[in-house]
Amino acid sequence: MKRKVLTVAAAAMAAALLAVPASAKGSAEAGGKTAAKPSISVAIFDRGTVPVEKGTYEQNDVTKWINEHAPVQVKFVPVPRWETTQKYNLWLAAGEAPDIFMEYQPEYTQDYVNQGVLTELSSYIDKAGPTIRSKTPPEVAQWGRYNKGEYAVPQIRSPSAIPNWNVWVRQDWMKQLGLSMPQTTEQLYQLAKAFKDKDPDKKGAWGISLIGPGVGNVYLNMFGLQRGSWTLVGGQPEMAEVTEQYRDTMAYMARFYREKLADPEYFTDKGGNQAAQNFVNGKLGIFPANNIRQHLPTLLKNNPQADVVVMPIPESSYGRFGFYQERPVSLLNMVPKTCKNPEAAVKYLDWMFATGWEWVTYGDEGRHWSWKDGMRISNVDDATYKRDLVYRIDYPIMTQNLLTPEDLYKQNAGSEPIVRTAWKVATDGMKVTMEHPFQRLLPTSGLGLALYTEISQTLGNYAEEIWTKVVIGEIAPDEGLRMVRKEWDSIGYQDLKKQITQKAKELGYLK
Amino acid sequence: MTAGSGERAFYAANYVLLAVITVTTVFPFLNTVAVSFSGERAVLSGEVAVLPVEPTVDTYRSVMKRSPILVALRNTAFVTVVGTLVNMILTVLAAYPLSKQRLRGRSAILVLITFTMLFGAGMIPDYLLVRSLGLVNTYWALWLPGAVSTFNMIVLKTFFSGIPESLEDSAMIDGANDLRILLRIVLPLSLPALATVALFYAVSHWNSYMNVLIYITSTAKYTLQMRLRQLLFDSSMMASITGTIQDSQDAQSVAQESIKAASIVIATVPILLVYPFLQKYFVKGVMIGSIKG
């Protein structure tokens, strides 16, 4: 008996030992096949959405098509979307990052530039990137430049992807109660109170929610702030959390909390899922959310009479601002210093930008979409899209697929009434939100400063803790502001402020 | 022995309390199972508790057909079985000699080994080492760097030291060599300790996430923990932490709640099937060394 166990163990060991050379050989074969085209490696965000029947992120019909049509041979390197930073840092430290890798936040690019791990691309773009040069608008192209060099190739953001945070209101409730869209924060409070007191669906509704899925603090936006961002106070940079505006926002939210107009459990509802659930059940009147299309169909199935509309940002005592929106730039494509053929990398980006994106985004004409009034109209329903096309979204890293909200509606609405309504409400909402642009007084939160990276997390966490206590009424607003300021000063906020001021002047953001 | 009325009241309260606790711990499981069998509208409206609402098996059909979770499950099983074998062989072969007084330089070796418990090189040097050995993107990167856990090795060594020397002496007199003594005398006498250590290893392989993330690049080789993490990664959760979803794609690729639930059920069932049979070893194993007798 024991002998049998030993033999099995020994066999397993031997088999395992043999497996090493075998797998090493496999990877050599894959890399060795080079035709006349130069070959590069390109990172691809792995979100786990490639259906098994289509293959993997490395090998599927899209990668096959790209390799047939692109001027370069491409090897795709999946990077788990939820751990991109970790993976990139590891690869960069080991000198084996893919020839093109990408992120959204310019802060990352700035960090990498400071570390000196990126290739300066201007000469390569001049040579191999005619489309990049001619078709990138200047307000997008500026996001490629860091420390006076061109270190990233920015992707244009589609106009319909710019509005990010929205607040949705039950219009049928407003009509029923004879109320109109709030124009000021005070009217918003009155509306929330009316919804809570009158409870039109008779389900025990909350008037408003202090949190929502896919959005941060929309109330800060109403007071002209954004959490963790720099603002200007008397011409000087100041982090939002230590301003009087922030205090007043918290006092405003505290009122909803105190008078029970909003679900008091909001701080345990991290992803805003409870708020969403209340909303789709008719238990919430004013609902902050990123993507209404995720929630509206359920609400309409539960209550076909429901009518939802976006709320334009109300005016606060500090003026009228805008809800958080994106910059006109989307991905920033970067080429590491270790890339052996940056020209080929730029060539690939240029090809994707010029022509490649069309098929990669939309799939086959006739099957997935057809032309109508000069526009590609989708032929697939939501479920089929999720199954057959959704895994493509990260392959077009450069694109001219620029859609206004109307385009988006025409393209995707289809014929099913509930889906159509959801698209209509969502895209109409985008237009309204975009009417009030979001203000960025200083363009990036850290301007690439090491001290910022080091302490901003600690600062933010402490401030969050104190300010939450202000909202739930454990600390008075003035006392909260005093506490946050004192604690921040003790961990180096004043130094950071000095550094930021200097850096902002250097970069020309401040006089 | 009959219980007094006070005692009886105490027991009653105890049972009620324990029952409540049991129900609260079982509820999330039942809820996940129910969600995995429910229709999307009901799930999103929060109508599902412990019984499926608008029951359907479509979710399972779609997970079985499209989701990479089954492949990942198979990969994890492979990594766990082979990895644990490698662990056990190497750990036993290290622990047994070190348990023998007659081994020369024994304490020096032990100091060196213990040193690794206290100091590590850090992630990037580890990665560079594994890469220069050509192990990146092979499961050997998961098996070899942690093949011998110092802690487990010392547990085994201590157990082996407890086996009377005279037993081995008599085997030696009967003509058995060291290997035979190890296989025929020492190991059969150490089964509880071996089972415990094997369980520790197996669990750490099953749960291994960081190493897979770092060393495995090919998606076909991803293990269960990678896939679960991916599935449960919620962009709106991210948004509430970092403030924004700049990545507008995130919003589109969020998995349906029922698909998440079904995947979790599929991933949990194998463990549920095996665990009851292993649990007794765990209990026994944890007691090892606590009482000398």
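Note on naming: letters A, B, ... go to the chains in the order of the sequence lines (proteins, then strands), and numbering restarts at 1 for each one. What you see is a predicted model, and the numbers here were worked out from it, not measured in a lab.
Between Thr56(A) atom OG1 and Tyr222(B) atom OH the span is 10.0 Å, to the nearest 0.5 Å. Atom CG of Asp126(B) sits about 10.0 Å away from atom CG of Leu90(A), to the nearest 0.5 Å. Put simply, NZ on Lys54(A) and CZ on Arg66(B) are 9.5 Å apart, with the number rounded to the nearest 0.5 Å. For the atom pair CG (Leu231(B)) and CH2 (Trp82(A)), the distance works out to 10.0 Å, reported to the nearest 0.5 Å. Atom-to-atom distance recorded for Asp46(A):CG and Thr217(B):OG1 is 11.5 Å, nearest 0.5 angstrom. For the atom pair Glu40(B) CD and Lys301(A) NZ, the distance stands at 6.0 Å (nearest 0.5 Å).
Only the backbone of Val50(A) has a heavy atom closer than 4.5 Å to any heavy atom of chain B. In this structure, chain A has a heavy atom under 4.5 Å from the side chain of Met210(B), while its backbone stays farther away. For a residue to count as touching a neighbouring chain, one of its non-hydrogen atoms must lie under 4.5 Å from one of that chain's; by this rule Leu144(B) does not touch chain A. For a residue to count as touching a neighbouring chain, one of its non-hydrogen atoms must lie under 4.5 Å from one of that chain's; by this rule Val63(B) does not touch chain A. Gln59(A) does not touch chain B: none of its heavy atoms, backbone or side chain, sits under 4.5 Å away. Contacts of Ile214(B) with chain A are made by both backbone and side-chain atoms, with heavy-atom separations under 4.5 Å. Contact of Leu128(B) with chain A is made through the side chain alone, with heavy-atom distances under 4.5 Å. Heavy atoms of Gln86(A) lying under 4.5 Å from chain B belong exclusively to its side chain.
The greatest number of non-hydrogen atom pairs below 4.5 Å with chain B, out of Gln274(A), His295(A), Glu103(A), Lys87(A), is found for Lys87(A). Contact tally against chain B (heavy-atom pairs below 4.5 Å) for Val77(A), Asn281(A), Val280(A), Val79(A): the top residue is Asn281(A).
Side-chain contact check for Arg41(B) versus Asn302(A): some heavy-atom pair is nearer than 4.5 Å. Using a 4.5 Å heavy-atom threshold, the side chains of Met226(B) and Glu83(A) count as separate. Side-chain contact between Glu58(A) and Ser218(B) is present, with at least one heavy-atom pair separated by less than 4.5 Å.
Atom NZ of Lys203(A) has more than 12 heavy atoms from other residues, nucleotides or ligands within 6.0 Å.
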